[in-house]
Amino acid sequence: LLGFDIIRVEAKERISFEVRATVKKTVSRLIGLEIVEEDYSGIVLQCLLEPSGFPPEKILRRGYAIAAGMHHDVINALVDGELPLAKSVIARDEEVNRLYFLLVRILRTIIQNPGLNEKLGVQLIECLDYRLAASLVEAIGDECVRVALKTVELKGAKLAEDLKKLFVTFHTFCFEAHENALKAFFTGDIALAEGVRGMREKIEKASTNIEKVAREQSLDVVPQILAVASSLRQTYEHSVDIADLVVPKRL
């Protein structure tokens with residue numbers, strides 16, 4: 001993530017099987033990093049990426065597209081009790097993380113190499129905002145995973161119809177918030193960003209309605225329902241944080 005092209009893992013004697021497994025697992029989570037040499041006491045990793053081929057906006061858009069898909073699917077998994085769909089949401093989070101790590105590396109490379117920013121179409125002053133926006137998108141993906149894990153814990157239990165409708169409504173508000181926040185971030189649309197902040201009353205009302213109905217359900221499912229509502233609420237808070245990064249685009 002600091003931008004090094006060569007990473008050497010060396011042992012005084014022999015690298016254990018456990019350490020090798022850890023290194024290889026880590027490599028699989030970092031786009032462009034490959035093992036180019038390996039012997040009994042050392043492993044050499046090399047990053048084969050050409051930074052100019054990875055515009056930050058493109059990486060962030062891709063990461064958001066995956067996170068948004070996770071958010072959409074995890075609610076369907078919850079209301080329909082579809083455990084395989086919930087598990088697929090959990091699996092997709094790894095790709096969001098990979099893209100986040102890639103973006104961090106690219107942004108640091110831009111800062112360290114004046115002139116590269118022009119090739120990639122990003123101002124140096126925008127790098128911090130991209131880093132923060134990407135971390136918030138990654139956090140939205142993490143909240144979707146938490147919802148998916150609670151869905152799995154419910155083991156396919158059917159929710160009451162009124163609760164299903166409340167969750168679908170809540171999801172719609174939260175989804176709209178992070179979708180508009182990202183649109184505002186890319187376009188510099190201040191009015192759209194303000195609209196995200198202005199949704200708080202609707203979000204709070206929807207959250208309160210779920211909590212009221214949840215407490216009327218079986219005690220076996222109440223903790224999971226409340227945890228899901230909390231995670232969805234947190235996706236909205238992340239959306240507000242993204243909206244706070246919006247500045248008017250320079251002409």
Side-chain angles (χ1 to χ4, degrees), residues 1-5 7 22-35 45-75 77 85-113 116-117 119-124 126-149 174-175 177-187 231 234-246:
L1 299 185
L2 294 176
F4 290 95
D5 292 320
I7 302 172
T22 298
V23 170
K24 292 178 180 180
K25 182 179 180 180
T26 302
V27 167
S28 71
R29 300 183 65 198
L30 299 171
I31 296 175
L33 193 64
E34 301 290 342
I35 295 175
L45 315 173
Q46 184 171 355
C47 186
L48 304 177
L49 291 179
E50 173 50 55
S52 62
F54 294 90
E57 180 175 334
K58 186 175 182 180
I59 300 172
L60 182 56
R61 285 185 182 276
R62 176 57 182 157
Y64 173 68
I66 297 172
M70 291 166 64
H71 192 176
H72 183 271
D73 287 348
V74 81
I75 290 301
L85 186 57
K87 292 177 181 178
S88 79
V89 169
I90 297 170
R92 274 177 270 171
D93 187 53
E94 191 65 38
E95 186 61 21
V96 177
N97 294 339
R98 280 162 49 87
L99 288 165
Y100 171 63
F101 295 145
L102 173 61
L103 184 55
V104 170
R105 178 182 172 87
I106 295 299
L107 291 173
R108 292 187 66 92
T109 302
I110 289 173
I111 293 171
Q112 294 169 350
N113 295 272
L116 181 59
N117 63 302
K119 293 182 181 179
L120 293 175
V122 58
Q123 298 297 318
L124 290 177
E126 295 177 320
C127 288
L128 178 57
D129 287 347
Y130 266 103
R131 170 73 181 266
L132 290 172
S135 69
L136 291 165
V137 167
E138 193 268 339
I140 289 173
D142 289 344
E143 295 301 337
C144 292
V145 169
R146 292 186 181 95
V147 174
L149 290 171
C174 295
F175 191 92
H178 62 68
E179 186 174 50
N180 286 346
L182 262 293
K183 286 181 181 178
F185 178 79
F186 288 127
T187 63
S231 287
Q234 195 58 46
T235 67
Y236 171 70
E237 298 300 338
H238 293 323
S239 302
V240 171
D241 289 339
I242 293 172
D244 286 342
L245 297 174
V246 176

Report task. List the steps, then state whether salt bridge (charged side-chain N to carboxylate O under 4.0 Å, His left out) holds for R146 with E143. Result -> CA-CA 5 Å; R146 292 186 181 95; E143 295 301 337; 3.0 Å; yes

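- Residues passing the salt bridge (Lys or Arg N to Asp or Glu O under 4.0 Å) test with E179: none are found, sequence neighbours excluded.
- Y130 places none of its side-chain heavy atoms less than 4.5 Å from the side chain of I59.
- In this pair, H71 and H178 present their aromatic rings tilted. The plane angle is within the 30 to 60° band.
- For the pair S239 and A181, the tightest heavy-atom approach, listed with the atom from each and the gap, is O-CB, 3.4 Å.
- The NZ atom of K25 lies 7.5 Å from the CZ atom of R29; values are rounded to the nearest 0.5 Å.
- Ion pairing between a basic and an acidic side chain is recognised when a charged N comes within 4.0 Å of a carboxylate O; R98 and E94 show no such pairing.
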Donor-acceptor list for residues 135-142 side chains, cut-off 3.5 Å, not counting sequence neighbours:
{"unit_1": "S135", "atom_1": "OG", "unit_2": "L132", "atom_2": "O", "d": "2.7"}

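- One finds the CD1 atom of I90 at 10.5 Å from the CG atom of L85 (value rounded to the nearest 0.5 Å).
- For the pair L182/R61, no side-chain contact is recorded, criterion being any heavy-atom separation below 4.5 Å from C-beta on.
- Side chain to side chain, R105 and Y100 fail the donor-acceptor criterion of an N or O pair below 3.5 Å.
- Note that CZ of F4 is 13.5 Å distant from CG of L33, once rounded to the nearest 0.5 Å.
- Taken to the nearest 0.5 Å, the SG atom of C127 stands 7.0 Å off from the CG atom of N117.
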(request) Mind running side chain to side chain contact (heavy atoms under 4.5 Å, CB included) on L102 and L49 for me, showing each step along the way? (result) CA-CA 10 Å; L102 173 61; L49 291 179; 3.1 Å; yes

ask   = Between D129 and F185, does a side chain to side chain contact (heavy atoms under 4.5 Å, CB included) hold up when you go through it step by step?
value = CA-CA 9 Å; D129 287 347; F185 178 79; 4.0 Å; yes

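- By the 4.5 Å heavy-atom criterion applied to side chains, L120 and P56 are counted as neighbours.
- Residues L1 and F101 form a side-chain contact, since some pair of their non-hydrogen atoms from C-beta on lies under 4.5 Å apart.
- The line from CD of E126 to CG of L245 is 11.5 Å long, rounded to the nearest 0.5 Å.
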Inset, instruction - Output, in order, the C-alpha distance, side-chain angles, deciding distance and verdict of side chain to side chain contact (heavy atoms under 4.5 Å, CB included) for L30 and L45. - result: CA-CA 11 Å; L30 299 171; L45 315 173; over 6 Å; no

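- For Y236, the ring pair (Phe, Tyr, Trp, His ring centres under 6.0 Å) test picks out no residue, with sequence neighbours left out.
- The two residues C144 and A67 come nearest to each other via the heavy atoms SG-O, 4.1 Å.
- Summarising the geometry of L103 relative to A134, their closest heavy-atom pair is CD2-CB, 3.3 Å, with the distance given to 0.1 Å.
- To the nearest 0.5 Å, atoms CG (L48) and CD1 (I31) are separated by 13.0 Å.
- Contact of the V122 side chain with the P55 side chain is not registered, since no non-hydrogen atoms from C-beta on lie closer than 4.5 Å.
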